[in-house]
Amino acid sequence: QVQLVESGGGVVQAGGSLRLSCAASGRAFSSYVMAWFRQAPGKEREFVAAISRYGLSTYYADSVKGRFTISRDNAKSTVYLQMNSLTPEDTAAYYCAAKSGVSDYSNPRLYDYWGQGTQVTVSS
């Protein structure tokens, strides 16, 4: 069992930056692929970014590539999402997720554990 707790959300102006954190507790953090998803009101949950178990590989949605950076610190059992050049289209609840398998990083159905989410609001 893994518990995930996100933090770092808030309100920011367009063009600004935020850094989200997700602290994990429970089983060995390094055994999980970690990812961030987001969900805006009335929309389906969408993939944002994922990182392999030891951070050697990262994956991004086209919409955030070049603006967002996912990273992890296995010693601290924490995954981060650095978000730069934010736009109002980035407004959503952001969720941290963990899974054991190594394929299809962007499919939310394959993730075993989820955090409660943190709200990011970007004003124009």
Side-chain angles (χ1 to χ4, degrees):
Q1 192 77 4
V2 175
Q3 293 78 42
L4 303 173
V5 179
E6 302 97 334
S7 61
V11 179
V12 63
Q13 287 190 334
S17 299
L18 280 176
R19 188 194 196 201
L20 305 183
S21 299
C22 172
S25 60
R27 286 187 57 192
F29 181 70
S30 61
S31 65
Y32 293 96
V33 169
M34 300 299 297
W36 289 94
F37 290 79
R38 66 187 181 186
Q39 188 167 18
K43 295 187 177 181
E44 292 187 354
R45 190 165 296 191
E46 66 170 348
F47 171 74
V48 175
I51 188 166
S52 59
R53 287 174 287 188
Y54 293 96
L56 297 180
S57 298
T58 56
Y59 308 87
Y60 296 94
D62 288 343
S63 59
V64 307
K65 204 170 292 183
R67 300 189 298 123
F68 290 10
T69 302
I70 189 171
S71 61
R72 66 189 296 163
D73 185 337
N74 286 350
K76 296 182 178 179
S77 298
T78 302
V79 63
Y80 305 97
L81 185 68
Q82 177 67 43
M83 305 186 295
N84 298 328
S85 302
L86 286 161
T87 73
E89 288 68 36
D90 296 315
T91 295
Y94 283 71
Y95 298 89
C96 173
K99 74 183 186 85
S100 301
V102 297
S103 63
D104 199 359
Y105 295 102
S106 64
N107 187 345
R109 296 182 179 85
L110 299 181
Y111 284 79
D112 304 303
Y113 304 102
W114 292 85
Q116 82 290 349
T118 186
Q119 179 67 35
V120 171
T121 302
V122 184
S123 61
S124 57

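From a predicted model like this one, the values you see are computed outputs, not experimental measurements.
Side-chain contact between Val33 and Tyr111: present, with at least one pair of heavy atoms (C-beta onward) separated by less than 4.5 Å. Contact annotation: the side chain of Gln82 never approaches that of Ile70 to less than 4.5 Å [non-hydrogen atoms, C-beta and beyond]. Contact annotation: the side chain of Tyr113 never approaches that of Lys99 to less than 4.5 Å [non-hydrogen atoms, C-beta and beyond]. Side-chain atoms of Arg67 and Met83, non-hydrogen and from C-beta on, never get closer than 4.5 Å to each other.
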Q. Could you go step by step and tell me if Tyr105 and Tyr59 meet the ring-ring contact (aromatic ring centres under 6.0 Å, His included) rule?
A. CA-CA 8 Å; Tyr105 295 102; Tyr59 308 87; 4.1 Å; yes
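Scored by the side chain to side chain contact (heavy atoms under 4.5 Å, CB included) test, Ser25 finds Gln3 as partners (sequence neighbours excluded). Not counting sequence neighbours, the partners of Thr78 by the side chain to side chain contact (heavy atoms under 4.5 Å, CB included) test are Ser21, Ala23, Lys76, Tyr80. Considering only residues two or more places apart in sequence or on other chains, Val122 meets the side chain to side chain contact (heavy atoms under 4.5 Å, CB included) condition with Val12, Ala14, Leu86, Pro88, Asp90, Thr91, Val120.
Residue Asp112 holds its CG atom at 9.5 Å from CD of Gln1, rounded to the nearest 0.5 Å. Separation of atoms CG (Leu4) and CZ (Phe29) is listed at 8.0 Å; rounding is to 0.5 Å. A distance of 9.5 Å separates CG of Asn74 from CE of Met34, quoted to the nearest 0.5 Å. Taking OG1 of Thr69 as the reference point, atom CZ of Arg19 lies at 10.5 Å (rounded to 0.5 Å). Rounding to the nearest 0.5 Å gives a distance of 10.0 Å between OG of Ser63 and CD of Glu89. In this structure, OG1 on Thr121 lies 9.5 Å from CG on Leu18, to the nearest 0.5 angstrom.
Minimum heavy-atom separation, Ala92 to Gln119: O-NE2, 3.4 Å. In this structure, Phe37 and Asn107 approach most closely via the heavy-atom pair CZ-C, 4.3 Å.
Evaluation of the disulfide (SG to SG under 2.5 Å) test over residues 1-105, restricted to residues two or more places apart or in two chains, returns Cys22-Cys96. Pairs engaging residues 33-86 under the disulfide (SG to SG under 2.5 Å) rule: none recorded [sequence neighbours left out].
Trp36 has its ring centre no less than 6.0 Å from the ring centre of Phe68.
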Using atom types as modelled, flag every donor-acceptor pair under 3.5 Å from a side chain in residues 39-55 to any protein atom, sequence neighbours excluded.
| residue | atom | partner | partner atom | Å |
| --- | --- | --- | --- | --- |
| Gln39 | OE1 | Arg45 | NE | 3.3 |
| Gln39 | OE1 | Arg45 | NH2 | 3.4 |
| Gln39 | NE2 | Lys43 | O | 3.1 |
| Glu46 | OE2 | Arg38 | NE | 2.6 |
| Glu46 | OE2 | Arg38 | NH2 | 3.2 |
| Ser52 | OG | Leu56 | N | 3.1 |
| Ser52 | OG | Ser57 | N | 2.9 |
| Ser52 | OG | Ser57 | O | 3.3 |

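In this structure, Lys65 fails the cation-pi test against Tyr60, since its NZ or CZ atom is not both closer than 6.0 Å to the six-membered ring centre and inside 45 degrees of the ring normal.
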